[in-house]
There are 2 protein chains.
Amino acid sequence: MTPPKAPDPTRRSERSRQAILTATRELLFEVGYARLTIEAIAARAGVGKQTIYRWWSSKGAVMFDSLLDMSRAEGAELPDTGDVEADLRTVLRAIVDEFNDPVLDGVTRALNTEIQNDPQLSADMRDRLLGPQLEATKDRLRAAQAVGQLAPDLDLSVAVELLFGPPFHRWLLRTAPLTHEYADTIVTMAVRAMRAAPR
Amino acid sequence: MTPPKAPDPTRRSERSRQAILTATRELLFEVGYARLTIEAIAARAGVGKQTIYRWWSSKGAVMFDSLLDMSRAEGAELPDTGDVEADLRTVLRAIVDEFNDPVLDGVTRALNTEIQNDPQLSADMRDRLLGPQLEATKDRLRAAQAVGQLAPDLDLSVAVELLFGPPFHRWLLRTAPLTHEYADTIVTMAVRAMRAAPR
DNA sequence: ATGTCAAGACGAGACGTTCCGACTCGTCAT
DNA sequence: ATGACGAGTCGGAACGTCTCGTCTTGACAT
């Protein structure tokens, strides 16, 4: 029983790594995730297929890393004007805009698709991409709690889902258009629910 | 320019149709959607591949029809005990249970996946599978409005998303476990938001 | 310090496999 | 006789494994 002997990360070529992530991103935007192939990535990056298979377990993992690499150093902090409701409106409107952007829409749907049958990728997404965003939102809500704008015993995990769940639902199932007005309505109603005690 | 001459539906073999839908369902449960192939369906159903390609446009379409065929005659009516909040708790708990059922979880995720890159299938899903469920919920909320339990000018489309969005978000992104207690919390908070006027 | 050398990652691409979707048969029911 | 049917063939795309020969790197000997 020989374990498949893991490669040595210290000898990894940073040059190839970057070329792969860049090529993936380019192809993702050019042809979309469905028509993205490992062979095309390797060709574009000027890299052997084995180099991709050596370091990534799946097409989804490569995409995830390439997106993570791109979104590095994105400020994960929410505005704080002192008015939670106004700040949340800003955030929700920004999210709606992202959902309406064709490129981001496509990439996000692809990521979402891939997550469904890859638990490892799902965990990575939750911890490294989605997590920070949700935590930043919780931080802002906590600050609002501290100044009495929200119920002191509000469950923050539930709170963020109350905010992000509805637009997510509408976007993913395409039940209706996502507008700024809609974002504002959700914030109004969610904040109303979050002002009183949870039970 | 010869149009691809549509097949004649009146001569369609009901026997083959059922065999295909059944085989698809079986394979879906056995190997999951990702490893489901048209060739395997044809083999299992004792049918030529062309018979599948003749009547369905994609793997997703076959799956959708097979699920629709299964879920026929499912009562799409909500309980009405006179207490909206209690009735919604019942509904949300049932949804949580469905999400926690391994088979339904798998099928729903597969359907969800397929929707992301097939607009036609997405529309079918919205109109024929999801729509009735959402409409039934809206009906119940309308009745509650009529007896003054909810704000009279509440936007019902927003309302259903406020209820279903959060658990959907939690389930799809696997951010936390889905429990009955969680369902109850969501209902409590959503109803609180729905009691006052929307703005 | 400098030279030698084995380990292992690398680019390139051949290979066998799976599955797709179009197509071709001969059969069968209407 | 028409046209859907079961069965299966076919070229093509992409997969994931593999085998080359090359290049880099660190350990060791001189």
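Every heavy atom of this structure was used, including side-chain atoms; hydrogens, water molecules and symmetry mates were not. Just so it is clear: chains get the letters A, B, ... in the order the sequence lines come, proteins before strands, and each one is counted from 1.
- The two residues A/Ala42 and A/Gly48 come nearest to each other via the heavy atoms CB-C, 4.3 Å.
- The salt bridge (charged side-chain N to carboxylate O under 4.0 Å, His left out) contacts involving residues 87-101 of chain B comprise B/Glu85-B/Arg89, B/Asp87-B/Arg140, B/Arg93-B/Asp184, where partners must be two or more places apart or lie in separate chains.
- Atom NZ of A/Lys59 is separated from atom C1' of D/dA13 by 12 Å (rounded to the nearest Å).
- For A/Arg54 and D/dC18, the CZ to C1' distance is 12 Å, given to the nearest whole Å.
- Less than 4.0 Å separates DNA chain C from at least one heavy atom of each of the following residues of residues 38-52 of chain B: B/Ile38, B/Glu39, B/Lys49, B/Gln50.
- The ring-ring contact (aromatic ring centres under 6.0 Å, His included) contacts involving residues 82-111 of chain B comprise B/Phe99-B/Trp171, where partners must be two or more places apart or lie in separate chains.
- Among all heavy-atom pairs drawn from B/Met189 and A/Leu154, the shortest one is CE-CD1, 3.5 Å.
- Within residues 13-33 of chain A, no residue is approached by DNA chain D to less than 4.0 Å at the level of any non-hydrogen atom.
- The closest side-chain heavy-atom distance from B/Leu68 to B/Arg128 is below 4.5 Å.
- Counting heavy atoms from C-beta on, the side chains of B/Leu21 and B/Asp65 come closer than 4.5 Å.
- Classification of A/Asp139 and A/Arg142 as a salt-bridged pair holds, one side-chain N sitting under 4.0 Å from a carboxylate O.
- A/Trp55 has a side-chain polar atom (N or O) that falls below the 4.0 Å cut-off from OP1 or OP2 of C/dC10.
- For the pair B/Gln120 and B/Ser58, the minimum side-chain heavy-atom distance is 4.5 Å or more.
- Within the structure, salt bridge (charged side-chain N to carboxylate O under 4.0 Å, His left out) contacts touching residues 45-64 of chain A (residues at least two apart or in different chains) are A/Glu39-A/Lys49.
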Heavy-atom contacts, protein to nucleotides 25-30 of chain C, under 4.0 Å, summarised as B (base), S (sugar-phosphate only) or - (none) per nt, yield ----B-

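- Rounded to an integer number of Å, the gap from A/Asp8 CG to D/dT24 C1' is 12 Å.
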- Task: Let me see the working for A/Arg44 and A/Glu30 under side chain to side chain contact (heavy atoms under 4.5 Å, CB included), right down to the final yes or no.
- Result: CA-CA 12 Å; A/Arg44 171 79 60 110; A/Glu30 284 172 30; 2.9 Å; yes

